[in-house]
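In what follows, a single structure is set out as structure tokens and then discussed.
Only this structure's heavy atoms are used, side chains among them; waters, hydrogens and symmetry mates stay out.
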Amino acid sequence: METQLGEGRNSCRTDMGQQHGNRKGLTHREVPRVVGLLLAMALMNMLLYLCLDQFFISPGRSTEGPERCPHGHFRIGRMKNCSRWLSCEELRTEVRQLKRIGEGAVKRVFLSEWNEHKVALSRLTRLEMKDDFLHGLQMLKSLQSEHVVTLVGYCEEDSTILTEYHPFGSLSNLEETLNLSKYRDMNTWQHRLQLAVEYVGVINYLHRSPLGTRVMCDSNDLPKTLSQYLLTSNFSIVANDLDALPQVDHGSRVLVKCGHRELHGEFVAPEQLWPYGEDIPFRDDLMPSYDEKIDIWKIPDVSGFLLGHVEGSDMVRFHLFDIHKACKSRVPAERPTAQHVLDAYQRVLHSLRDAVMSQTKEML
């Protein structure tokens, strides 16, 4: 019995020792697995944060992109080097016209091909519009930047202009484009707000351009305004039609009038409406001129279109309410400058981005 009991106690101690030893062994083996799991989770968090950062960066505006070409040169598509603007002879012999894709009062636009690149060839529609055509060409040549479509070449003799082709077309095609299944991941308030920021950025550039303060006059209604801009393949905005871009010079008291006809509707600024009532017929020589603040009045309406009605767009509108209210002041001098509007838009974009990222981190 003693032997049996002793052997039992020894056996019990041996079994417990083996079990204790097994637990120690498991602990040693599990440590690398736990560390690996923690490292994997940390890596996933880092990747998520990076993805969130990228999610709020416009795909079309890169602060580290290639430097722009010097004046008189261009680079489009996959071109690695800059090339001189194409001459009349090059336009005549190297550009192949494919099909007409648009027409306005001043120009017909044709999808064309040059050196395996798709380009847009614009031809003067009517001789009486040549002054507007040449004005638009001068603006394109002088205002080349990230805010303006890339000029590829021109020929004044033939009244032709060649620019970079953007297959999405004008900004009026935004909803149609974002509703395509392949682009639905871009149809978010984040990307739409970035487009609105870029639109205000174009207005600010024109108001502070190398050619002085320029007013976007071809903007008497929303469809006409949208047609002046292109939606690029990387979902950015560039000004395209610069045929009506008069200059305001406050120092010399030079103001502008957008056309010679009476304007109507709530889209145009109040100072663009005939001020003398229905009893006095409209006369262009009696119509007062105005300044660049007419562009500011229209910003809320254009931004409203750009923001659309996706989830979160009402939240963005709420945050932009104060600056939009200021834009709609009936007194032009009380409206903010384009720079002030741009600053307000960027603050909203950054604050909403930070709020979403903070909430995401808390969830993790």
Side-chain angles (χ1 to χ4, degrees), residues 37-66 145-147 171 174-175 177-179 182-208 229 231-239 295-296 298-329 335-364:
L37 181 60
L38 291 173
L39 289 174
M41 290 178 63
L43 181 60
M44 288 177 64
N45 286 344
M46 290 177 62
L47 290 173
L48 180 58
Y49 296 156
L50 289 173
C51 289
L52 284 171
D53 281 337
Q54 290 299 317
F55 189 63
F56 283 91
I57 296 175
S58 166
R61 295 283 187 257
S62 173
T63 57
E64 299 180 357
S145 68
E146 64 173 342
H147 302 292
L171 195 53
L174 177 64
E175 291 295 337
T177 302
L178 290 177
N179 283 331
K182 62 192 295 188
Y183 301 122
R184 282 178 185 165
D185 61 335
M186 305 290 291
N187 195 15
T188 64
W189 67 262
Q190 292 93 337
H191 286 119
R192 284 174 171 271
L193 177 54
Q194 181 64 50
L195 285 175
V197 170
E198 291 185 10
Y199 162 70
V200 178
V202 175
I203 297 298
N204 185 51
Y205 174 70
L206 295 178
H207 287 186
R208 300 158 59 94
Y229 302 89
L231 179 64
T232 72
S233 56
N234 52 15
F235 286 90
S236 292
I237 294 176
V238 291
D295 288 335
I296 305 300
K298 300 162 187 174
I299 286 176
D301 298 284
V302 178
S303 291
F305 169 82
L306 295 176
L307 291 174
H309 299 284
V310 298
E311 182 179 356
S313 61
D314 287 341
M315 169 191 65
V316 177
R317 286 183 174 87
F318 174 78
H319 283 83
L320 294 174
F321 177 83
D322 288 340
I323 191 65
H324 282 174
K325 182 179 179 181
C327 290
K328 287 296 186 178
S329 172
R335 295 174 206 151
T337 64
Q339 183 64 61
H340 288 151
V341 179
L342 181 59
D343 291 342
Y345 270 53
Q346 289 175 334
R347 282 195 300 270
V348 169
L349 178 64
H350 294 157
S351 65
L352 292 178
R353 176 200 62 190
D354 294 344
V356 171
M357 292 190 65
S358 176
Q359 292 172 4
T360 304
K361 291 177 182 179
E362 290 177 2
M363 290 172 63
L364 295 173

Side chain to side chain, [X] and [Y], heavy atoms closer than 4.5 Å:
X      : Y      : answer
Asn179 : Asn187 : yes
Val238 : Glu198 : no
Leu171 : Leu306 : yes
Gln190 : Gln194 : no

Minimum heavy-atom separation for [X] and [Y], please, with both atom names.
X      : Y      : value
Gly201 : Leu342 : N-CD1, 4.0 Å
Ser313 : Gly308 : OG-O, 3.4 Å
Trp189 : Gly312 : CD1-CA, 3.7 Å
Arg317 : His309 : NH2-CE1, 4.2 Å
Ser303 : Tyr345 : OG-OH, 2.7 Å
Tyr229 : Ala239 : CD2-CA, 3.8 Å

Next item on the list: Evaluate the side chain to side chain contact (heavy atoms under 4.5 Å, CB included) criterion for residues Ile296 and His207: first the C-alpha distance (whole Å), next the side-chain angles of each, then the deciding distance (0.1 Å), finally the verdict.
Entry: CA-CA 10 Å; Ile296 305 300; His207 287 186; 4.1 Å; yes
Measuring from [X]:[atom1] to [Y]:[atom2], what's the distance to the nearest 0.5 Å?
X      : Y      : atom1 : atom2 : value
Leu174 : Ile237 : CG    : CD1   : 7.5 Å
His191 : Asp185 : NE2   : CG    : 7.5 Å
Leu320 : Leu193 : CG    : CG    : 6.5 Å
Thr337 : Ile203 : OG1   : CD1   : 12.5 Å
Ser236 : His147 : OG    : NE2   : 10.5 Å
Arg192 : Leu178 : CZ    : CG    : 5.0 Å

Check: Is any NZ, NE, NH1 or NH2 atom of the basic residue among Lys328 and Asp301 found under 4.0 Å from an Asp or Glu carboxylate oxygen of the other?
Finding: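 Counted as a salt bridge, because a side-chain N and a carboxylate O are separated by less than 4.0 Å.
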Check: With a 6.0 Å cut-off on ring centres, are His324 and Phe318 close enough?
Finding: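 No, the ring centres sit 6.0 Å or more apart.
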Notebook entry, point to check: Excluding sequence neighbours, so at least two apart, what forms ring pair (Phe, Tyr, Trp, His ring centres under 6.0 Å) with Phe321?
Noted result: none
Next item on the list: List the steps and the verdict of side chain to side chain contact (heavy atoms under 4.5 Å, CB included) for Tyr199 and Leu195.
Entry: CA-CA 6 Å; Tyr199 162 70; Leu195 285 175; over 6 Å; no
